[in-house]
Amino acid sequence: MIELFDSLINKRLLTRKVPDSIRNIDMLNTLLDISEESTGEFDKLKSNDLYLASNDTTSATLEWAMAELLYNPEALSKAKAELKQIIGKGNAVVESDIDRLPYLQATFRLHPPVPLLFPCKAGADVEIQGFTVPKGAQVLVNIWAIGKDASIWEHPNAFKPERFMGSEIDVKGRNFELILFGAGRRMCPGLPLALRMLHLMLGSLIHTFDWKVEGGFKPKDIYFEEKFGLTLQKAKPLRAIPIMV
Ligand code: HEM
């Protein structure tokens with residue numbers, strides 16, 4: 001991973017040296033600007049960690065939620081109706097509105113961008129539901145499989161934000177059936193930022209625009225095909241056209 005990221009960074013450093021080249025304002029350029037302005041030493045390892053942990057995860061989650069909403073017009077109209085009622089037509093969504101948008105908050109369950117939690121090591125023999133995990137064993141928690149487990153979720157593959165309405169279950173690490181950000185001491189430190197960004201972005205996108213999927217919808221299994229690289233991405237990226245409402 002470090003090699004992959006180093007090669008991307010080095011490529012970008014070379015383009016930045018080309019005189020009069022157009023410099024996009026994106027995350028990597030911003031990090032490189034900061035590094036040039038401060039010590040001049042770009043801490044690649046730390047930036048890789050944050051770049052990967054924060055960027056891909058958040059954008060993949062947003063893309064999946066948008067795709068699900070566009071594919072499920074009934075859910076989309078419920079989310080839009082909630083926004084219209086709480087925010088009002090023509091008004092921008094702001095952070096302080098999020099708490100009053102439970103339906104919007106319920107749209108991020110089905111597609112964990114980190115399907116396997118980072119490996120952990122059992123510190124002692126532990127018995128879990130009749131199985132012994134021996135001391136020293138490497139443990140990978142499969143959040144993806146938990147999310148598809150029919151003994152936990154009714155119609156696990158269905159996108160139904162309604163299942164959380166009035167429910168106590170959330171993604172903050174207290175409910176082990178939904179640990180998109182992990183749980184316990186190793187859980188994602190970016191959770192508060194990620195949730196704020198996601199709700200704000202998704203809310204703004206669907207409140208401000210109507211959307212048309214470029215080329216129309218494909219059958220569900222093709223449209224929602226998954227691709228696992230560094231995070232779990234949509235195999236065919238969502239391409240949607242905004243229409244001003
Ligand atoms: C939808 C967005 C995100 C999801 C679903 C997500 C999920 C996760 C998960 C599952 C882990 C591993 C936890 C474990 O192994 O127990 C993790 C770790 C981490 N996340 Fe996030 N994350 C997101 C956004 C962010 C953001 C925005 C940041 C930073 C601004 C961030 C920073 C980190 C860091 C630094 C770690 C490593 C923590 C460690 O190794 O101890 N994440 N994240």
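Hydrogens, waters and symmetry mates are skipped; everything else that's a heavy atom, side chains included, is used. For ligands, and for the atoms within them, numbers begin at 1 and follow the listed sequence.
- Shown in contact with S54 at under 4.0 Å from a heavy atom are these atoms of ligand 1, numbered in order with element: 25 (C), 26 (C), 27 (C), 28 (C), 29 (C), 30 (C).
- Note: an N/O pair closer than 3.5 Å links R186 and ligand 1 by distance alone.
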(request) Could you please spell out the steps behind the side chain to side chain donor-acceptor pair (under 3.5 Å) verdict for T231 and Q233? (result) CA-CA 6 Å; T231 50; Q233 299 281 339; 2.7 Å; yes

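- Under the 6.0 Å distance and 45° angle rule, R109 counts as a cation-pi partner of W153.
- In this structure, I241 CD1 and K212 NZ are separated by 4.5 Å, a value rounded to the nearest 0.5 Å.
- For atom 17 (C) of ligand 1, the nearest non-hydrogen atom from the set P189, P192, A65, C188 belongs to C188.
- Residue contacts with ligand 1 include L198, since one of its heavy atoms falls under 4.0 Å from the ligand.
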(request) List the steps, then state whether side chain to side chain donor-acceptor pair (under 3.5 Å) holds for E68 with H111. (result) CA-CA 10 Å; E68 286 287 2; H111 304 282; 2.7 Å; yes

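- Between the CG atom in L14 and the OG atom in S21 there is a gap of 11.0 Å [rounded to 0.5 Å].
- Residue P113 has at least one heavy-atom neighbour below 4.0 Å for each of these atoms of ligand 1: 5 (C).
- Considering only residues two or more places apart in sequence or on other chains, K121 meets the side-chain contact (heavy atoms from CB on, under 4.5 Å) condition with none of them.
- Every N/O-N/O distance between L180 and ligand 1 stays at or above 3.5 Å.
- To the nearest 0.5 Å, atom NZ of residue K236 and atom CD of residue E226 are 12.5 Å apart.
- Ligand 1 places these atoms under 4.0 Å from at least one heavy atom of L193: 30 (C).
- For atom 6 (C) of ligand 1, the candidate residues are F108, W64, F181; the nearest heavy-atom contact is made by F181.
- One finds the CZ atom of F224 at 6.5 Å from the OH atom of Y71 (value rounded to the nearest 0.5 Å).
- By the criterion of a heavy-atom distance under 4.0 Å, both the backbone and the side chain of A53 are placed next to ligand 1.
- Close approach of ligand 1 to T61 is summarised as follows: ligand atoms under 4.0 Å from at least one heavy atom of the residue are 1 (C).
- Between F118 and ligand 1, an N or O atom pair is found at a separation short of 3.5 Å.
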